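Let me begin by presenting the structure, written as structure tokens, before commenting on it.
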Protein chains: 2
Amino acid sequence: MRHKQQIRGHLDLLTLSVLADGPLHGYAVIERLRARSGEVFDLPEGSMYPALHRLERSDLITAEWSSVQGRRRKTYRLTDRGRRALSAQRRDWEEFATAVRSVVGGAPWPATN
Amino acid sequence: MRHKQQIRGHLDLLTLSVLADGPLHGYAVIERLRARSGEVFDLPEGSMYPALHRLERSDLITAEWSSVQGRRRKTYRLTDRGRRALSAQRRDWEEFATAVRSVVGGAPWPATN
DNA sequence: TTTCTATGTATAGGCTTTCTAGGTATGAGA
DNA sequence: TCTCATACCTAGAAAGCCTATACATAGAAA
């Protein structure tokens, strides 16, 4: 997995984003994230499950157990709070990315004015 | 300071970027970063100094002590290794940002195909 | 003169987040 | 039966940044 350090602090946004298109169980969130990112984000389960539990504790997502072909599944969906949090985090990401571009771009194009 | 969590894992890139335009001492790095980011990144010293020491230990920057008006200053400059690292981290950032946009953007525009 | 503010460096301790590494279990295919 | 893919979980470690604090000088304000 590339971007090990970089993903820190952005995993919630990514997770909420893929769940915004519809409920998914944990394993599927990982796969969807990998696919949507063009194979760039390939999270270990040990990162994803704790993240989902954290989001659940914060009431940004809710979970429901089911059983498919003898396999138990925990399906997550966004709450209203989660949807609002996603909007806010999207804006935060935009601002953050813009600021980074300004700093990193440096001289080439006008940064701060 | 906004973006507390988000900056994690990107501080090295930001620091190297501002030092790429010329040597600066720690306090000035903070100010330059704040200015260049449009006041978005306002790092506490307790974040910046450890980061600089980390980069110094990795030989990405070198430091030189001087004294200006009775005040001691430690001026940092990029090494060749640091310059190469900056290039690599810039590319990583681009890839990372693109991947995040793909995931976050979701339905609105084609993400994975 | 004393105090406040800005400049300038530094570190210890703590918190949060992610990763590593391991575990459990089912179903399918070889 | 063994292995692989699916599907869940957690303990403990590592990393990185923040809070809080400390020290020191210069200049301005009181």
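Just so it is clear, the model here is predicted, and its values are computed rather than measured.
- Atom CD of Glu31(A) and atom P of dA5(D) are 12 Å apart (whole Å).
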Should Leu19(B) and Leu86(B) be marked as a side-chain contact (heavy atoms from CB on, under 4.5 Å) after you check the CA-CA gap, both sets of side-chain angles, and the distance that decides it? CA-CA 10 Å; Leu19(B) 285 175; Leu86(B) 174 55; over 6 Å; no
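- Checked against dT9(C), dT18(C), dC17(D), the side chain of Leu11(A) finds its nearest nucleotide in dT18(C).
- Residue-to-nucleotide contacts include no donor-acceptor pair under 3.5 Å from the side chain of Arg72(B) to the base of dT9(C).
- Counting only residues at least two apart or in different chains, salt bridge (charged side-chain N to carboxylate O under 4.0 Å, His left out) contacts with residues 67-86 of chain A comprise Glu56(A)-Lys74(A).
- Judged by distance alone, with hydrogens and angles left aside, the side-chain atoms of Gln89(B) form a donor-acceptor pair with the main-chain N or O of Leu13(B) at under 3.5 Å.
- One interatomic measurement links the two molecules: CG of Leu33(A) to P of dT18(C), which rounds to 12 Å at whole-angstrom precision.
- What separates CD1 of Ile30(A) from P of dT18(C) is a distance of 13 Å, to the nearest Å.
- Taking the six-membered ring where the residue is Trp, His10(B) and Phe96(B) present tilted rings, their angle falling between 30° and 60°.
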Should Val29(B) and Arg32(B) be marked as a side-chain contact (heavy atoms from CB on, under 4.5 Å) after you check the CA-CA gap, both sets of side-chain angles, and the distance that decides it? CA-CA 5 Å; Val29(B) 171; Arg32(B) 194 67 66 89; 5.8 Å; no
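- Between Arg32(B) atom CZ and dT7(C) atom P the separation is 14 Å, expressed in whole Å.
- Near DNA chain C, meaning a heavy atom under 4.0 Å from it, residues 49-57 of chain B has Tyr49(B), Pro50(B), His53(B) in order of number.
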Using a cut-off of under 3.5 Å, enumerate the N/O to N/O pairs linking the protein to nucleotides 21-23 of chain C.
none

Strictly under 3.5 Å: I want the nitrogen or oxygen pairs between protein and nucleotides 27-29 of chain C, one per line.
from, atom 1, to, atom 2, distance (Å)
dG27(C), O4', Arg71(A), NH2, 3.4

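- Residues that satisfy the side chain to side chain contact (heavy atoms under 4.5 Å, CB included) test with Glu31(B), not counting sequence neighbours, are Tyr27(B), Arg34(B).
- When atom types are taken as modelled, the side chain of Arg8(B) and the backbone of Gln6(A) share no donor-acceptor pair closer than 3.5 angstrom.
- In this structure, Lys74(B) atom NZ and dT11(C) atom C1' are separated by 13 Å, rounded to whole Å.
- Side chain of Trp65(A), nearest nucleotide from dT6(D), dC9(D), dA10(C): dC9(D).
- Of the possible donor and acceptor atoms, one in the side chain of Thr79(B) sits under 3.5 Å from a partner among the backbone N and O of Leu60(B).
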Assess whether side-chain contact (heavy atoms from CB on, under 4.5 Å) is satisfied between Ile7(B) and Leu14(B), documenting all intermediate values. CA-CA 9 Å; Ile7(B) 213 167; Leu14(B) 296 172; 3.9 Å; yes
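- Atom CG of Leu43(B) and atom C1' of dT19(D) are 14 Å apart (whole Å).
- In this entry the distance linking CZ of Arg34(A) with P of dT6(D) reads 8 Å, nearest Å.
- Rounded to whole angstrom, the span from the CG atom of Asp12(B) across to the C1' atom of dC17(D) amounts to 11 Å.
- The listed nucleotides are dT9(C), dC8(D), dT19(D); the one nearest the side chain of Pro44(B) is dT19(D).
- Between Ala20(B) and Leu78(B), the shortest heavy-atom distance links the atoms CA-CD1, 3.7 Å.
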Hey, mind stepping through Val100(B) and Trp93(A) against side-chain contact (heavy atoms from CB on, under 4.5 Å) and telling me if it holds? CA-CA 9 Å; Val100(B) 172; Trp93(A) 160 257; 3.5 Å; yes
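- Taking Arg54(B) as the reference, Asp12(B) meet the salt bridge (Lys or Arg N to Asp or Glu O under 4.0 Å) condition, with sequence neighbours excluded.
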